[in-house]
Every structure is written in C-alpha cells, then in structure tokens.
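Here's the structure we're looking at; comments come further down.
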Amino acid sequence: MKEILRCSATSQASLVRRRKVSSRELTAAHLERIAEVDPKLHATVEVLAARALAEADAADAALARGETVGPLHGVPFSTKDSMELAGTVCTAGTVGRSGAAASTEDAALVARLRRAGGIPIAKTNLPDLLFAFESDNLLFGRTNNPYGLDRTSGGSSGGEAALIAACGSPLGLGSDAAGSVRLPAAFCGIAGIKPTSGRLPRTGHFPPAGGWIEALWQIGPMARRVEDLVTVMPLLAAPDEYDPTAVGMPAPDPAAVSLRGLRAAFYTDNGLAAAQPEVAEVVRAAARSLAADTACMDEARPACLAAAYDLEMKLLGPDGGDSVRRYLADLGSTRVHPLLTGWLDKLEPYRTDLAGLEGYWAEWDAYRAEMFAFLRRYDVLLAPAYTQPALVHGASMRDENFRGFSHTMAYNVAGWPAAVVRCGESAEGLPIAVQVAAGPWREDRVLAVAWALERNFGGWKAPESI
C-alpha cells in the first residue's frame, strides 16, 4: 500500500474503480500514514477517521452494486481549515472561532469533490485568520515542512501542502490571496494552482468573500501531481447560486494545448526581489527544457512587476489593517498570533484616506492594463515561486524575506491564473518550484506547461526525513 499512497489521486481512483484496491483499504492506509507522520508535521487539526471509513465502505458498496461513479470515487482528500465541512468546526486558526458551532453544510467546492466521489479525511492547519506565510496559530501550533522539520511548510495553506507532500492525503483545497496556495506547494514540492479571479465560487470559505480585496483571492486545488489538478479543475469550475463573483467561463482542456503554439517568456528577477542563484538556475533550466517545444522562449517580464508588492499591500491595508482588527474583535479573538500582528504592522505604512485609496485603485487599473498588454507578445510566463527554498521557522516576517513574496503577489494583483510545480532542489535537498502564469481564463495553458515541466523534471519527490 505504501506505493499506492505515492500515486496520484487520479491513479488511486482508477485502482478503486477497477477493484485493484478497495476504498476502505485506501482510506485506512492514508489514516495510518497520517498517524505516522503527523506527530512530526502537525499538519492536521482534525482527522475524520470513523467518518471517512464509513464513507469508504459506502463507496465500495456502490461499486459492488454496479452504480455509475465519479472520477474521484473512493479516494480521500483533505481541506484547509478555512472551508466549511458539515459536522466540523471551521476555526480559520483564530481563537475567536474555537467555540464556533459545527458547520451544517459543506463549502461549495468541498461538496463538488464529494459529489465526484471524494471522501474528506482531514482538515489541515493554517495561520491565524490566514494572515501569514507560515502555518502557526494559537489553537494548534506550528506545522513543519516534511523536507526539513526546522523549515516552514509555508502559509496560509501550509498544513495542506505538508500533508499532501507526506502522502497523508492525495489532494486537497487551499486558498490564495498573496500566494497562499502556491507558496506552501512550492515549499513542500507539490503542485498547486491559483485560478483566475472569478473562476471558482468561494461559498463556505471563512472568512467569506467580500470587501475591496475580493478580486485578490481564489480557492485552488493542491496535489502531488499536475494530473490531479487537471482532473479536478473541471469538477470545480462553475458558478453556484451564492457567490456573485463566480463567472461561468469555458474551461478548455489542458491536454488539448499545443506547446508549439505558445509564445513563452521567463524571468528570475521581478525588479524588486531577485531569486537566489540556485532558484534562478532552476527557472532557467525549466525555460531551456521547453525552448525547443514552444514558439519562443525569451527572457522578458512586464515592467510593472516591480510594483506588485506595494500594490498588494496598498489594496490589503489602505486602513492600516483596522478592518482586520475590528473583524478579530467581533470574532472574540482577544489574543492573536505574533505572525498576524507582524502582518498588521506591515500594513500600517499603507494607511491612507479616501483620495489615497482612489489613487491606489488607479494604480491597480494601470497595473492590470500593463500586464494585459504583455499578452500581445507572450502567452505564458515562467518565474520563481519565491526567491529561495523553504524558510526556517519565524523568518518570513523579515523585510528581506517578506518582499520575496512579491513573486506570487504579482498574479493575485493581476487576477491571472498561476501554478507551481517542483523542478529541482537545493543543495540541502529542499524542493524548488517554478511558477507558471498565463492570461485570464487560461488555466489550460498554465496546467499544460506545468505538466510538461513535471514530465521534464519529475515533479514531486518523496521526502526522506519522515
């Protein structure tokens, strides 16, 4: 069973459908793996063992009756503790939610994975109210990276990334307002995608969608293999009855994308935070590996990328973080984690008045226009996911490190889809990922290129330390 745990969710579902393994056996094996690794990782906040095994038995019974089943039938999945799962408490990692009532309904995307046959197996750790690039909070503590326990798994979907990388779950759901799917995926060597702003409904996420930062964030799937992102995106990509921002745009098949028709560019320095040499070389190697298969592969970037960091912070903090402080107070979070306090402190310099906010909005419009103009010359971009491999715990708030998150922020501000895939490792054996971005609604191009890079470099590699 250990080798089956390393398979993609898509492959695991095929094995269940062909009765090479039962859903109960598969689910039990994942539960055993969680019990083995989680004392070291602290990736989960709740393991749904009895419930998952009961659902696995029901999945096996459905197969025995010859029922038509979904593409994830009998396969476990995990979800970040910011998404509602019926019968569980969604804490969002903040003290004021610790005593909240259990959810009565599943979040929209959780429900869609369940309808496809998936079985919720665990809820995973995150920072206090999702505000940090490390997953640590006062309720559940710190999540460690499976490739080095002294390293962070990233945030805010860090528990999700760590559990998937360690084979405790084959795939799951995260959310991303500044890199919170892509950074943890990159730090833990798995694949993940932030879809186009408006691609997926966010119904049942906590905190809910709304406010002036609404266009910055999306929920996105995470998995060890790009194949699974390709499998689940069509299951997730449709509006619902509740989120007015979710748009019913076509979702083309990544398998139908011809790389030869793509004009590609790459960069290793966004004008604000240059990638460290070993990261830059991985990006360059990725570009070289695709050069013969694409219409072009130029070293180029939009000039406006240098403004992405300040613009993200302006849009998150025009009130200096006061709205977040009020929200925490309303929740009853009288104590907050130092990482959240540090985030709020970093927003203070961006405090402005109404006229200033109008100026921020004009800068945002200009940024998106310049990014869109870049698409006249190029279809996809290859870039660092971050300037260096996974940081040691507590290092994310240092200014010299924090500005490196501008590499992912760039595509939240633009609203473009962007994915990450492991393409190498550091001298210390830590994963190094490449970020792939494309214009709005072109997740198919993003995933086609990420898939090709995974084939070229192997993608996820099992951690040896746990």
Side-chain angles (χ1 to χ4, degrees), residues 176-179 181-182 191-200 214-221 226 229-230 233-234 236-239 245-267 270-271 283 286-287 290 293-308 311-312 315 363-385 406-421 434-453:
D176 188 318
V181 163
R182 290 160 292 155
I193 184 170
K194 179 200 78 67
T196 306
S197 294
R199 172 62 85 180
L200 307 181
E214 183 166 77
L216 292 177
W217 72 276
Q218 270 287 285
I219 296 171
V226 174
L229 306 183
V230 174
M233 277 299 295
L236 304 176
T245 70
V247 180
M249 290 290 289
D253 184 358
V257 173
S258 170
L259 296 187
R260 293 200 174 277
L262 295 182
R263 302 163 300 167
F266 75 94
Y267 61 89
N270 63 4
V283 175
L290 297 178
D293 298 323
T294 50
C296 67
M297 180 62 74
D298 299 335
E299 186 166 7
R301 61 175 169 82
C304 62
L305 287 180
L311 190 49
E312 171 100 18
L315 295 171
E363 290 178 45
W364 192 13
D365 286 342
Y367 179 92
R368 289 183 290 187
E370 187 171 343
M371 289 290 286
F372 200 75
F374 194 77
L375 297 175
R376 298 172 194 160
R377 292 185 289 147
Y378 299 104
D379 302 307
V380 292
L381 273 167
L382 275 60
S406 58
H407 283 283
T408 48
M409 291 175 175
Y411 300 103
N412 295 92
V413 177
W416 290 11
V420 297
V421 60
V434 171
Q435 182 175 206
V436 182
W441 315 114
R442 296 317 303 256
E443 286 86 359
D444 59 328
R445 290 175 172 171
V446 168
L447 291 174
V449 172
W451 216 348
L453 291 173

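Using a 4.5 Å heavy-atom threshold, the side chains of Met233 and Pro221 count as touching.
For Arg368, the side-chain hydrogen bond (donor to acceptor under 3.5 Å, both in side chains) partners two or more places apart in sequence, or in a different chain, are Asp365. Among residues two or more places apart in sequence or in another chain, the side-chain hydrogen bond (donor to acceptor under 3.5 Å, both in side chains) test is passed with Glu299 by Arg284. Glu370 is linked by a salt bridge (Lys or Arg N to Asp or Glu O under 4.0 Å) to nothing, counting only residues two or more places apart in sequence or in another chain.
When all heavy atoms of Ala295 and Gly261 are compared, the pair lying nearest together is CB-C, 4.3 Å. Of all heavy-atom pairs between Ala178 and Thr408, the closest is O-OG1, 2.7 Å. Residue Leu259 comes nearest to Ala452 through the heavy atom pair CD1-CB, 3.7 Å, listed as atom of the first residue, atom of the second, then distance. Annotation for Leu311 and Tyr367: closest pair CD2-CB, 3.6 Å, computed over non-hydrogen atoms. Across Ser197 and Ala215, no two heavy atoms sit closer than the pair OG-O, 2.7 Å. Nearest heavy atom pair, residue Asn412 against residue Lys194, reads ND2-CD, 3.3 Å.
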Which side-chain N or O atoms in residues 246-258 pair as donor and acceptor under 3.5 Å with protein atoms at least two apart or in another chain?
| from | atom 1 | to | atom 2 | distance (Å) |
| --- | --- | --- | --- | --- |
| Asp253 | OD1 | Ala255 | N | 2.9 |
| Ser258 | OG | Arg260 | N | 3.4 |

Validation: residues 374-385 side-chain donor-acceptor distances under 3.5 Å, sequence neighbours left out:
| from | atom 1 | to | atom 2 | distance (Å) |
| --- | --- | --- | --- | --- |
| Tyr378 | OH | Asp298 | OD2 | 2.8 |
| Asp379 | OD1 | Arg263 | NH2 | 2.9 |
| Asp379 | OD2 | Arg263 | N | 2.8 |
| Asp379 | OD2 | Arg263 | NE | 3.2 |

Exercise answer: donor-acceptor pairs, residues 437-448 side-chain atoms, under 3.5 Å, sequence neighbours excluded:
| from | atom 1 | to | atom 2 | distance (Å) |
| --- | --- | --- | --- | --- |
| Arg442 | NE | Asp444 | OD1 | 2.9 |
| Arg442 | NH2 | Asp444 | OD2 | 2.8 |
| Glu443 | OE1 | Arg199 | NE | 3.2 |
| Glu443 | OE1 | Arg199 | NH2 | 2.8 |
| Glu443 | OE2 | Thr196 | N | 2.8 |
| Glu443 | OE2 | Thr196 | OG1 | 2.8 |
| Glu443 | OE2 | Arg199 | NE | 3.4 |

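Expressed to the nearest 0.5 Å, how far CG of Leu305 lies from OH of Tyr267 amounts to 4.5 Å. Here SG of Cys304 is found 10.5 Å from CG of Asn270. Values are rounded to the nearest 0.5 Å. Rounded to the nearest 0.5 angstrom, Ile219 CD1 and Ile193 CD1 are separated by 14.0 Å.
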Test Asp176 against Gln218 for side-chain contact (heavy atoms from CB on, under 4.5 Å), laying out the working first. CA-CA 5 Å; Asp176 188 318; Gln218 270 287 285; 5.8 Å; no

